[in-house]
Every structure is written in structure tokens, then in C-alpha cells.
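Quick notes on the structure that follows.
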Amino acid sequence: MAMETEKLALDPSTIFPGVRAVFADRSRGQYFVAESGGNVVGCLMITHEWSDWRNGDIWWIQSVYVHADFRRKGVFSALYRHVEKVARAAGAVGLRLYMEEECGGPGDL
């Protein structure tokens with residue numbers, strides 16, 4: 001995903017522990033995947049932000065990826081609808097999509 005969207009090669013020694021950390025501690029985030037024929041064809045990650053203004057948890061959608069063969073076929077829409085349902089059930093006060101309009105790569109920190 002990083003290579004396709006930002007032309008950024010991630011270091012496996014950083015990314016693998018980072019992903020494992022989400023699975024080990026749900027407060028860091030949560031992954032949702034879409035499957036077709038037993039294969040993962042899309043995914044996204046949710047992270048949380050406390051809103052003092054709204055006295056509740058805002059769910060941020062990030063790290064969205066849909067396999068090229070499944071784009072424009074409703075995969076992201078299905079993931080979004082599912083996450084929205086889960087967020088409502090969990091009492092979230094907001095659902096936001098994190099995106100970058102333009103990114104020049106690793107120097108954009």
C-alpha cells in the first residue's frame with residue numbers, strides 16, 4: 001500500500017512489529033478486512049481519538065487499501081458501512097477518514 005500510494009518502501013523490521021502491536025493492544029487500533037473467495041481484497045485500520053468537545057471516542061479510518069482488481073466494485077463502501085455499524089454499536093461519537101491530498105514521500109514529516 002505504501003509503495004503504491006506514496007512510492008515509499010517500508011522497512012519490514014519496523015512494519016511487522018507495528019502491525020503486531022495493533023493485534024496485541026486493541027487500544028492502538030483495529031483492522032477490518034474484506035474477503036472474496038477466501039482472499040483478502042481490501043482492508044482498513046481504525047484508530048481512536050478522544051474528543052473532549054463531544055465527550056466521546058472518534059474513530060479514524062486510515063491505512064485503506066483495496067486490491068487493484070477489486071476497485072470500483074464497492075469494497076471500500078462495504079467496509080465503511082460495516083465499520084459505521086460497529087462504531088455506532090460501540091458508542092463512537094464520530095467517524096472520520098484520514099487522507100493526504102498530496103504526499104512527497106519520507107521528507108514530508
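The residues of the chain are indexed from 1 along the displayed sequence. Heavy-atom basis, side chains included; hydrogens, waters and symmetry copies ignored.
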Is it the case that more than 12 heavy atoms not belonging to Trp50 sit under 6.0 Å from its CH2 atom?
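More than 12 heavy atoms, drawn from other residues, nucleotides or ligands, come within 6.0 Å of this atom.
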
Pairwise side-chain contact, [X] with [Y], heavy-atom cut-off 4.5 Å (strictly under):
X     : Y     : result
Cys43 : Phe32 : no
His48 : Trp59 : yes
Tyr80 : Leu97 : no
Gln62 : Thr47 : yes
Val93 : Asn55 : no

For residues [X] and [Y]: do they belong to one hydrophobic cluster (side chain heavy atoms under 4.5 Å, members Ile, Leu, Val, Met, Phe, Trp, Tyr)?
X     : Y     : answer
Leu79 : Phe70 : yes
Phe23 : Leu10 : yes
Leu44 : Trp60 : no
Val33 : Phe76 : no

Could you measure the distance from the [atom1] atom of [X] to the [atom2] atom of [Y]? Nearest 0.5 Å is fine.
X     : Y     : atom1 : atom2 : value
Ile15 : Arg20 : CD1   : CZ    : 10.5 Å
Arg96 : Ile46 : CZ    : CD1   : 13.0 Å
Glu49 : Tyr98 : CD    : OH    : 12.5 Å

Heavy-atom pair of closest approach, residues [X] and [Y]:
X     : Y     : value
Pro17 : Pro12 : CD-O, 3.8 Å
Arg28 : Ala21 : CD-O, 3.4 Å
Ile58 : Ser51 : CD1-CB, 3.6 Å

Establish, yes or no, whether the cationic atom of Arg26 lies under 6.0 Å from the six-membered ring centre of Tyr31 and within 45° of the ring axis.
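That pair does not qualify as a cation-pi contact.
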
Decide side chain to side chain contact (heavy atoms under 4.5 Å, CB included) for Val66 and Val41; before the verdict, give the C-alpha distance in whole Å, the side-chain angles of both, and the deciding distance to 0.1 Å.
CA-CA 6 Å; Val66 175; Val41 298; 5.8 Å; no

